[in-house]
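As a basis for the values below, the full set of heavy atoms in this structure was taken, side chains included, without hydrogen atoms, waters or symmetry mates. Chain naming here is simple, since letters A, B, ... match the order of the sequence lines and numbering starts at 1 in each.
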Number of protein chains: 2
Amino acid sequence: MARTRASDHDLQREEILEVAARAFAARSYPGTSMNDLAQACGTSKARLYHYYPGKDAILFDLLERYTGRLIAIATREAAAPGTPQARLRQLIHAFLAEYEHSQTRHIALLNDVKFLDPAQREPILAAQRRVVELFAKAIGAAYPQRVDDINRTALTMLLFGMINWTFTWLKPDGGGRLSYADFAQLVEAVFMRGMQGLPARADAEVAGAVRSTH
Amino acid sequence: MARTRASDHDLQREEILEVAARAFAARSYPGTSMNDLAQACGTSKARLYHYYPGKDAILFDLLERYTGRLIAIATREAAAPGTPQARLRQLIHAFLAEYEHSQTRHIALLNDVKFLDPAQREPILAAQRRVVELFAKAIGAAYPQRVDDINRTALTMLLFGMINWTFTWLKPDGGGRLSYADFAQLVEAVFMRGMQGLPARADAEVAGAVRSTH
DNA sequence: CCTACCGATCGGTAGG
DNA sequence: CCTACCGATCGGTAGG
């Protein structure tokens, strides 16, 4: 046998997570029973309990893996070459590319974190905060004169709002006339042009003026 | 007695809806039992069943009233005086003002429509489509040269994305430094400036040219 | 005689 | 890794 016991175990868990993400997205976490999951997996409830100690462990593993992937993408793009604006553009495109094939996991992340107990919920929320922070940094670096402590979070959530709920209307792989890549282009155009329209910070101008007179 | 039987009945139902919206927002529809609702209302389950024939009827009444309010707002703003751009600006502000004090109902609308059976779900979805359509019309009227059949839905959902998930991060009434009205200003600035950056439609330009040469 | 409820419990099913 | 179950709780309804 080529595959070891451990790797097979992991493969089984991945299949369970795939099915669970679909079920949680369709009926939510409390609306999905372990019997639902067993049936969707074509197996028994007892078999599920062999791979995971409980329903919550399935949700936690699912969300931990997914948020880990989002952090990896955001971290990778933050270290990419090019100008800050080019990096922000790449970040938008990279996230929408990920969202295109992670719809069910994304829905579970947005709707079901609240059903984890605090000890499991906290690391997931921390990961989400980390992703938001990486976006905030990317926006601030691209538009240093437009972003301040007051509008920083709002601008970040405004950009997230544009891309984070595509699953509600945009289907993957050419269901409609507009692809995820097309939409990324549109988000980039509207957001980045929109940022240029914001008033420049007074202190940013002063800092520049001070620097230029010394 | 000043209050009639009917109006008292209606008052009771409104109080139930208020509590139910809070519960559904916090724990989702399937995660909320009739016992939970009864306890939160400080009453008995039997009393709940006196006012509503079932749990689903509570969710339906809640969502029907809320979507009705959203349609009323969008319809009112569509008929307001001023330029198309001023109307779009007013529409953004009016929706964010509504969202500020409808957070729990809004969460229930976004997460729990799927738990209604098809006969009850369809009118709610139709109402949502109506709201989207009114926004699409407002955007198209404000920027006739930037909107076409391909980007119309995407631009509408992009604007909805900016405002529709404020409940995830923006708290009502000055919890933070940024108010809902401030955020509406920011959305207006970024979106409307962003729209100006989109390429003008070829046929729109041609139509204008044709008109000017005749 | 109806409405507006009550305490108690129905038949089934949840996670484990 | 299945069958046979558990304590508890689900949405909904009985009699009075």
Side-chain angles (χ1 to χ4, degrees), chain A residues 1 3-17 19-21 23-24 26-63 108 112 114-117 119-121, chain B residues 1-17 19-24 26-63 108 112-121:
Chain A
M1 290 296 104
R3 67 189 186 187
T4 67
R5 216 193 113 268
S7 79
D8 185 53
H9 194 268
D10 206 57
L11 275 173
Q12 300 281 68
R13 285 170 67 121
E14 274 176 37
E15 200 205 312
I16 292 171
L17 293 185
V19 170
F24 295 160
R27 296 182 295 276
S28 91
Y29 177 75
T32 304
S33 73
M34 288 296 272
N35 276 328
D36 290 337
L37 290 183
Q39 201 165 357
C41 288
T43 184
S44 70
K45 214 164 51 163
R47 194 180 155 105
L48 250 39
Y49 280 101
H50 173 70
Y51 290 103
Y52 285 101
K55 199 169 95 154
D56 58 333
I58 297 176
L59 178 61
F60 178 71
D61 194 20
L62 174 62
L63 299 183
D112 296 328
K114 56 174 170 282
F115 299 112
L116 290 171
D117 60 86
Q120 293 188 301
R121 188 167 56 229
Chain B
M1 292 295 105
R3 66 187 185 190
T4 68
R5 214 195 110 263
S7 78
D8 186 53
H9 193 270
D10 205 58
L11 276 173
Q12 301 281 72
R13 286 170 67 120
E14 274 176 37
E15 199 205 313
I16 291 171
L17 293 185
V19 170
R22 205 155 44 227
F24 294 161
R27 295 182 294 277
S28 92
Y29 178 75
T32 304
S33 73
M34 288 297 272
N35 276 327
D36 291 337
L37 289 183
Q39 201 166 357
C41 289
T43 184
S44 70
K45 213 165 50 162
R47 195 180 158 105
L48 248 40
Y49 279 101
H50 173 71
Y51 290 103
Y52 284 102
K55 198 170 96 156
D56 58 334
I58 297 176
L59 179 60
F60 178 71
D61 194 21
L62 174 62
L63 299 184
D112 296 329
V113 200
K114 56 173 170 280
F115 300 111
L116 291 170
D117 59 87
Q120 293 187 303
R121 188 167 55 229

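When all heavy atoms of Val19(B) and Ala40(B) are compared, the pair lying nearest together is CG1-CB, 3.4 Å.
Contact annotation: Asn35(A) side-chain N/O to dG15(C) OP1/OP2 distance is not under 4.0 Å.
Each of dC5(C), dT3(D), dG11(D) was ranked by its minimum atom distance to the side chain of Ala46(A); first place goes to dT3(D). Of the candidate nucleotides dC1(D), dC6(C), dG15(C), dC6(C) has the atom lying nearest to any side-chain atom of Arg47(B).
For the atom pair Arg27(A) CZ and Ser33(A) OG, the distance stands at 7.5 Å (nearest 0.5 Å). To the nearest 0.5 angstrom, Arg121(A) atom CZ is 12.5 Å from Asp112(A) atom CG. One finds the NZ atom of Lys55(A) at 8.5 Å from the CG atom of Asp36(A) (value rounded to the nearest 0.5 Å). Note that the CD1 atom of Ile58(A) and the CG atom of Leu63(A) stand 11.5 Å from one another [nearest 0.5 Å].
In this structure, Tyr49(A) atom OH and dC1(D) atom P are separated by 17 Å, rounded to whole Å. The distance between atom NZ of Lys45(B) and atom C1' of dA4(C), rounded to the nearest whole Å, is 18 Å. Note: CE (Met34(B)) to C1' (dT9(D)) measures 15 Å, nearest angstrom. Distance CG (Asp56(A)) to P (dG16(C)): 7 Å, rounded to an integer number of Å. The CG-C1' distance, from Leu48(B) to dC5(C), rounds to 12 Å in whole Å. Whole-Å rounding puts the Arg27(A) CZ to dG15(C) P distance at 11 Å. Distance OH (Tyr51(B)) to P (dG12(D)): 19 Å, rounded to an integer number of Å. Per the geometry, CZ belonging to Phe115(A) stands 13 Å off P belonging to dG15(C), to the nearest Å.
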Run the side chain to side chain contact (heavy atoms under 4.5 Å, CB included) check on Leu17(A) and Tyr52(A) step by step: do they pass? CA-CA 10 Å; Leu17(A) 293 185; Tyr52(A) 285 101; 3.5 Å; yes
Based on Watson-Crick and G-U pairs with both distances under 3.5 Å, what dot-bracket line describes DNA chain C 5' to 3', crossing pairs as [ ] and inter-strand pairs as |? .....|.|.||.|.|.
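At a threshold of 4.0 angstrom between heavy atoms, the contacts of Tyr52(B) with the nucleic acid are absent.
To the nearest whole angstrom, the two C1' atoms, one in dA8(C) and one in dG12(D), are 13 Å apart.
Between Tyr29(B) and Phe24(B), the angle of the ring planes goes over 60°, which puts this pair in the perpendicular group of the 30/60° scheme.
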